[in-house]
Amino acid sequence: MIEQRFKCPNCQEIATFYGNPGETKVVTCAACNTKGRVIIAGEKQDNNVAIEVSHLKKVYDDLIAVNDISFTVKKGEIFAFLGPNGAGKTTTVEMIESIRTPTAGAIRLLGADTKTGFNQIKERISILPQEFHSFERFTVRETLTYFSKLYKKRANIDEILDAMDLQSHEKKLYRNLSGGLKQRVGVALSLVNDPEIVFLDEPTTGLDPKARREVWQVIANLRNKGKTVFLTTHYMEEAEHLADHIAIIHKGKIIAEGSLQELLTTYGEKTTLYIKNCHSEDARQLLEEKGFEAHSSGNGDIMVKIDYKEKVLEVLSELRHECIEYDGVDIRGSNLEEVFLRLTGARLTEEAET
Ligand SMILES: Nc1ncnc2c1ncn2[C@@H]1O[C@H](COP(=O)(O)OP(=O)(O)OP(=O)(O)O)[C@@H](O)[C@H]1O
Ligand SMILES: [Mg+2]
């Protein structure tokens with residue numbers, strides 16, 4: 001929905017009205033009652049786009065928390081907004097949700113300009129805020145029922161309990177749930193209005209690895225149900241595990257964006273082949289002579305940098321040819337931690353803990 005102005009051809013008065021690009025509207029001049037037919041100008045919407053953010057900025061006093069960022073989220077994908085503490089994730093997500101007001105920039109949510117058209121689409125999205133807590137003395141089912149009543153469109157609560165694997169917990173009080181279950185209830189709540197876009201702000205922070213994996217499964221189920229998921233996280237494994245598209249935010253700027261594979265190919269290191277317990281300087285020299293980049297680790301391993309995993313067989317056949325002994329091999333690919341390190345000079349996990 002965009003704002004459009006209309007100049008009355010009779011009295012020259014200006015009227016303001018709203019519509020979608022390409023839509024024809026009949027407008028009546030408030031001053032002289034002249035009727036006119038106008039076609040709303042503007043770009044045609046891309047129906048595959050769920051969220052479009054352009055040159056978004058947020059300044060708090062003298063801090064630029066979000067600094068001129070632009071990105072697009074496609075319908076049906078899990079989009080991970082990955083960054084350390086204080087990077088600007090919540091500020092961004094809450095501007096998209098119209099909770100905070102941008103200092104500059106534009107946001108389109110399901111085709112609507114959020115400045116003027118948020119009310120028209122607000123029931124089609126849902127939000128799980130960071131560090132969400134619900135009513136302590138409601139059971140899981142009562143919690144879902146309560147929140148569902150806030151919306152016109154209501155999903156079936158039994159189906160949500162089923163999809164989120166919460167049936168056996170439905171009679172438990174919220175206050176008696178584990179941290180992981182509370183977060184699962186939070187994600188379940190984000191389904192009560194059967195939304196098209198689900199915003200999850202750090203849904204697994206503070207959970208133990210088992211509970212985190214359970215919440216991941218629940219989030220993956222959202223994609224299976226055709227929802228678009230906007231997920232903020234400072235866990236690179238979470239983005240690696242779940243996201244179709246990842247934007248890395250650091251100090252208010254998006255420093256890299258793409259699928260996991262695109263990020264690793266563009267910014268990651270080569271794969272490393274560890275030849276375990278191979279105390280042979282000859283082996284290292286041999287591999288160097290054959291054109292491989294090989295280093296001794298100091299604890300008996302030899303580390304060989306390879307472009308792609310198929311090179312492993314080449315390295316091992318060179319060693320076999322020279323009858324060089326070793327205990328086994330380990331292959332470690334590049335990961336987002338390395339990408340972040342290369343782009344910022346800092347480790348994401350260290351920044352996340354500060
Ligand atoms: N309401 C506010 N007023 C002033 N400064 C704020 C406000 N909210 C956030 N900030 C600051 O803006 C920066 C970005 O904060 P934001 O909460 O968006 O980051 P984040 O990436 O969500 O971090 P976290 O991982 O800790 O949730 C931080 O330096 C924070 O202290
Ligand atoms: Mg935050």
Side-chain angles (χ1 to χ4, degrees), residues 51 53-71 73 78-107 109 114-115 118 125-134 179-180 182-183 186-187 189-190 197-209 211-212 215-216 219 228-243 245-258 263 335-337 339-341 343-354:
I51 307 168
V53 166
S54 322
H55 300 289
L56 192 62
K57 189 169 181 181
K58 179 71 179 180
V59 179
Y60 298 114
D61 300 323
D62 53 359
L63 172 78
I64 304 174
V66 172
N67 193 356
D68 191 20
I69 62 169
S70 301
F71 58 85
V73 179
I78 298 184
F79 182 99
F81 208 44
L82 174 71
N85 288 351
K89 303 183 294 296
T90 297
T91 302
T92 302
V93 80
E94 293 195 350
M95 286 193 284
I96 300 172
E97 295 158 351
S98 285
I99 294 169
R100 303 191 198 194
T101 310
T103 307
I107 301 160
L109 199 51
T114 53
K115 257 189 219 151
F118 184 72
I125 66 163
S126 72
I127 298 164
L128 179 66
Q130 188 166 1
E131 292 178 30
F132 167 82
H133 286 277
S134 189
K182 281 181 176 161
Q183 284 307 91
V187 180
L189 283 176
S190 68
I197 307 179
V198 179
F199 292 91
L200 305 172
D201 193 357
E202 303 225 18
T204 67
T205 296
L207 299 186
D208 62 51
R212 180 167 303 140
V215 175
W216 286 356
I219 296 171
T228 305
V229 179
F230 189 100
L231 167 78
T232 80
T233 182
H234 63 251
Y235 295 120
M236 55 150 195
E237 303 93 330
E238 190 158 298
E240 285 175 355
H241 185 83
L242 285 173
H245 196 91
I246 301 163
I248 303 179
I249 182 167
H250 185 241
K251 296 184 178 165
K253 282 266 184 205
I254 291 181
I255 54 171
E257 207 197 317
L263 291 173
N335 62 23
L336 282 180
E337 181 71 68
V339 171
F340 189 80
L341 182 64
L343 288 167
T344 66
R347 297 186 76 81
L348 178 59
T349 34
E350 278 166 14
E351 291 234 344
E353 279 153 15
T354 54

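We use all heavy atoms of the structure for the numbers below, so side chains are in, but hydrogens, waters and symmetry mates are not. For ligands, and for the atoms within them, numbers begin at 1 and follow the listed sequence.
Shortest contact from atom 18 (O) of ligand 1 to any protein heavy atom: Thr91 OG1, 2.5 Å. Residue, atom and distance of the protein heavy atom nearest to atom 9 (C) of ligand 1 are Tyr60 CE1, 3.5 Å. Of the protein's non-hydrogen atoms, Thr90 CB, 3.8 Å is the one closest to atom 17 (O) of ligand 1.
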Point to revise | CA sep, side-chain torsions, deciding dist, call: Leu128, Val187, side chain to side chain contact (heavy atoms under 4.5 Å, CB included) | key: CA-CA 7 Å; Leu128 179 66; Val187 180; 4.1 Å; yes
Start with the C-alpha distance between Ile125 and Phe230, add both sets of side-chain angles, then the distance that settles side chain to side chain contact (heavy atoms under 4.5 Å, CB included), and finish with yes or no. CA-CA 11 Å; Ile125 66 163; Phe230 189 100; over 6 Å; no
Side chain to side chain contact (heavy atoms under 4.5 Å, CB included) between Thr114 and Met95, worked out: CA-CA 9 Å; Thr114 53; Met95 286 193 284; over 6 Å; no
Between Ile99 and Ile127, does the side chain to side chain contact (heavy atoms under 4.5 Å, CB included) criterion hold? Intermediate values first, please. CA-CA 11 Å; Ile99 294 169; Ile127 298 164; 4.2 Å; yes
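At least one heavy atom of Arg100 sits closer than 4.0 Å to an atom of ligand 1. At least one heavy atom of Glu202 sits less than 4.0 Å from an atom of ligand 1. Ligand 1 has no atom lying under 4.0 Å from any heavy atom of Gly252.
Listed by number with element, the atoms of ligand 1 under 4.0 angstrom from any heavy atom of Gly88 are 14 (C), 18 (O), 19 (O), 20 (P), 21 (O). Shown in contact with Leu63 at under 4.0 Å from a heavy atom are these atoms of ligand 1, numbered in order with element: 11 (C), 12 (O), 13 (C), 29 (O).
Among the atoms of Gln130, an N, O or S atom falls under 2.8 Å from the Mg ion (ligand 2). For the Mg ion (ligand 2), the set of nearby N, O or S atoms under 2.8 Å includes none belonging to Asn85.
For the residues Pro84, Gly86, Gly83, Ala87, the heavy atom positioned nearest atom 26 (O) of ligand 1 is part of Gly86. Heavy-atom proximity to atom 25 (O) of ligand 1, evaluated over Glu94, His234, Lys89, Lys251, is greatest for Lys89. Proximity annotation for atom 27 (O) of ligand 1: of Gln130, His250, Met95, Gln130 comes nearest, heavy atoms only.
Residue contacts with ligand 1, taken as heavy atom pairs separated by less than 4.0 Å, do not involve Thr232 at all.
Counting only heavy atoms from C-beta outward, the side chains of His55 and Asp68 approach each other to under 4.5 Å.
The main-chain N or O of Pro84 is found under 3.5 Å from a side-chain atom of Lys89 such that the two form a donor-acceptor pair.
No salt bridge links Glu237 with Arg212; every basic N to acidic carboxylate O contact stays at or beyond 4.0 Å.
Side-chain rings of Phe340 and His250 approach one another, their centers coming within less than 6.0 Å.
The 12-atom threshold is exceeded at NZ of Lys182, counting heavy atoms of other residues, nucleotides or ligands nearer than 6.0 Å.
There is no protein heavy atom closer than 4.0 angstrom to atom 31 (O) of ligand 1.
Of all heavy-atom pairs spanning Phe199 and Leu109, the tightest one is CZ-CD1, 3.9 Å.
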